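Worksheet for the structure shown next.
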Protein chains: 2
Amino acid sequence: MATRKVNSTYTRNEQSLFECDLSYAINKIGGRWKLQILSMLENRTLRFTALKKEFAFMSERMLTLQLRALEQDGLVKRTVYAEVPPRVEYELTNTAMELWPILNQLSQWGSKQRSSHREL
Amino acid sequence: MATRKVNSTYTRNEQSLFECDLSYAINKIGGRWKLQILSMLENRTLRFTALKKEFAFMSERMLTLQLRALEQDGLVKRTVYAEVPPRVEYELTNTAMELWPILNQLSQWGSKQRSSHREL
DNA sequence: GCCATTACTTACAAATTTGTATGTATCCCA
DNA sequence: TGGGATACATACAAATTTGTAAGTAATGGC
């Protein structure tokens, strides 16, 4: 989530990953809190403070980083209002909304898998 | 991928994640090489050495760890033949196969998203 | 007895991600 | 003049993940 060395084996390996559309997709939504954030923004626009309140368990830093990543990836739209104190609003893009039907299926798979595969 | 401290904030936070079926699902397939491995095993059974050859870029250690995780999660079936030298074969479980239609959609989303959102 | 093969395991280091705490800029209000 | 609110940014440490290199057990063949 921070800047990376450019030539480590780790990074080089990741290059090949990006050649696969599936891995590409998973990477966009696989961040630690990204799904939570996307869920929270479903059907509404929230400002930074509101998100912060909802996600009290998440550090402010992580919230910022994840939001930035989602913005970069075109899943979240960020709007800054030139006021004081500042106001910044976040909402989903169409691209992100297209994910829902797919994620719902994945969620159902998860639920089914979970109940049939208790690991306790 | 190794043993974890049990009471760090990081781990505590993760607990809440597991309460969500979607995050649960993403976690099962989100490992660094898991999708590659699952893809490789689609419609065939391979032994360890074969996988190792296919994934020359992946360290043997990681291959083992990812396979173990997939096995734990009920996505891959591991069969050991009591021979010498040993023979171990890996194949997908039904649960894993049920993922394909979903992953295909995700892949398509990725592809579309990618072409419309060039980051170079 | 010695070597090769297979499927790992282990120890340790390097890279990356996340958490914690503190700081910043702006302007309004008392 | 001194807060207070908002949306971050930054420094540093802790946790986690991944990579690298070397070792292991069993047995058949030379």
Side-chain angles (χ1 to χ4, degrees), chain A residues 1-17 23 27 30-34 36-37 45-72 76-91, chain B residues 1-17 23 27 30-34 36-37 45-72 76-91:
Chain A
M1 225 64 241
T3 27
R4 271 206 192 155
K5 298 207 177 174
V6 178
N7 233 282
S8 62
T9 306
Y10 186 99
T11 297
R12 274 203 311 281
N13 276 341
E14 202 165 58
Q15 310 280 314
S16 69
L17 259 183
S23 300
N27 264 314
R32 187 152 175 74
W33 307 112
K34 288 186 186 172
Q36 273 78 2
I37 294 174
T45 298
L46 290 175
R47 55 191 295 190
F48 188 78
T49 308
L51 286 167
K52 201 168 73 171
K53 271 178 198 149
E54 293 289 352
F55 298 125
F57 57 89
M58 179 184 325
S59 69
E60 204 172 331
R61 193 179 103 94
M62 270 299 113
L63 179 56
T64 305
L65 288 175
Q66 301 279 64
L67 281 170
R68 285 275 190 272
L70 289 169
E71 191 195 354
Q72 286 280 321
V76 159
K77 185 182 164 205
R78 177 167 176 268
T79 312
V80 182
Y81 295 88
E83 305 172 358
V84 170
R87 179 159 63 100
V88 180
E89 292 188 342
Y90 293 91
E91 63 190 311
Chain B
M1 225 65 242
T3 26
R4 271 204 192 158
K5 298 208 176 171
V6 177
N7 233 282
S8 62
T9 307
Y10 186 99
T11 297
R12 274 204 312 281
N13 276 342
E14 201 166 61
Q15 309 280 314
S16 68
L17 261 182
S23 300
N27 263 314
R32 187 153 175 73
W33 306 114
K34 288 185 186 172
Q36 274 79 0
I37 295 173
T45 298
L46 290 175
R47 54 191 297 190
F48 187 80
T49 307
L51 285 167
K52 201 168 72 172
K53 272 179 197 148
E54 294 288 352
F55 298 124
F57 57 90
M58 179 184 325
S59 70
E60 202 171 335
R61 193 179 103 93
M62 271 300 114
L63 179 57
T64 305
L65 287 176
Q66 301 278 64
L67 282 170
R68 285 275 189 273
L70 289 168
E71 190 195 355
Q72 286 281 319
V76 158
K77 186 182 164 204
R78 176 166 176 269
T79 313
V80 182
Y81 295 88
E83 306 172 357
V84 169
R87 179 159 62 100
V88 180
E89 292 188 342
Y90 294 91
E91 62 191 311

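Treat the numbers as computed from the prediction; the structure is a model and nothing was measured. By convention in this document, chain letters (A, B, ...) are assigned in the order of the sequence lines, proteins followed by strands, and residues within each chain are numbered from 1. Worth knowing before you read on, the calculation uses all heavy atoms, side chains too, and leaves out hydrogens, waters and symmetry mates.
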Distance below 4.0 Å between Ser8(A) side-chain N/O and dT16(C) OP1 or OP2: yes
Under the ring pair (Phe, Tyr, Trp, His ring centres under 6.0 Å) test, residues paired with Phe48(A) that sit two or more places apart: none
Partner set under salt bridge (Lys or Arg N to Asp or Glu O under 4.0 Å) for Arg68(B), not counting sequence neighbours: none
Euclidean distance, atom CZ of residue Phe55(A) to atom P of dC8(D) [Å, nearest integer]: 15 Å
Non-hydrogen atoms of Glu83(A) and Arg87(A) that approach each other most closely: OE2-NH2, 2.9 Å
Whole-Å distance separating the CG atom of Leu65(B) from the P atom of dC8(C): 11 Å
Polar atoms only, N or O, under 3.5 Å: list the protein pairs with nucleotides 19-23 of chain C and their distances.
from    : atom 1 : to       : atom 2 : distance (Å)
dG19(C) : OP1    : Asn13(B) : ND2    : 2.9
dG19(C) : N7     : Arg61(A) : NE     : 3.1
dG19(C) : O6     : Arg61(A) : NE     : 3.2
dG19(C) : O6     : Arg61(A) : NH2    : 3.4
dT20(C) : OP1    : Thr9(B)  : OG1    : 3.1

For nucleotides 2-6 of chain C, tabulate all protein N/O to nucleotide N/O atom pairs closer than 3.5 Å, reporting atom names and distance.
from   : atom 1 : to       : atom 2 : distance (Å)
dT6(C) : O3'    : Arg47(B) : NH2    : 3.2
dT6(C) : O3'    : Pro86(B) : O      : 2.7

All side chain to side chain donor-acceptor pair (under 3.5 Å) counterparts of Thr45(B), not counting sequence neighbours: none
With sequence neighbours excluded, residues passing side chain to side chain contact (heavy atoms under 4.5 Å, CB included) with Val88(A): Arg78(A), Val80(A), Tyr90(A)
Close residues, residues 76-83 of chain A, relative to DNA chain D [heavy-atom separation under 4.0 Å]: Arg78(A)
By salt bridge (Lys or Arg N to Asp or Glu O under 4.0 Å) - contacts of Glu54(A) (at least two apart): none
Partner residues of Phe55(B) under the ring pair (Phe, Tyr, Trp, His ring centres under 6.0 Å) criterion, sequence neighbours left out: Phe57(B)
Salt bridge (Lys or Arg N to Asp or Glu O under 4.0 Å) against Arg47(B), all qualifying residues, sequence neighbours excluded: none
Leu70(B) CG to Lys34(B) NZ distance, which is reported to the nearest 0.5 Å: 5.5 Å
Contacts of Glu91(B) that satisfy salt bridge (Lys or Arg N to Asp or Glu O under 4.0 Å) - sequence neighbours left out: Lys77(B)
Nearest-Å distance for atom pair CZ/C1', residues Arg68(A) and dT17(C): 18 Å
Separation of dT17(D) C1' from Asn27(B) CG (nearest whole Å): 14 Å
With Ser8(A) via side chain to side chain donor-acceptor pair (under 3.5 Å) - residues at least two apart: Thr11(A)
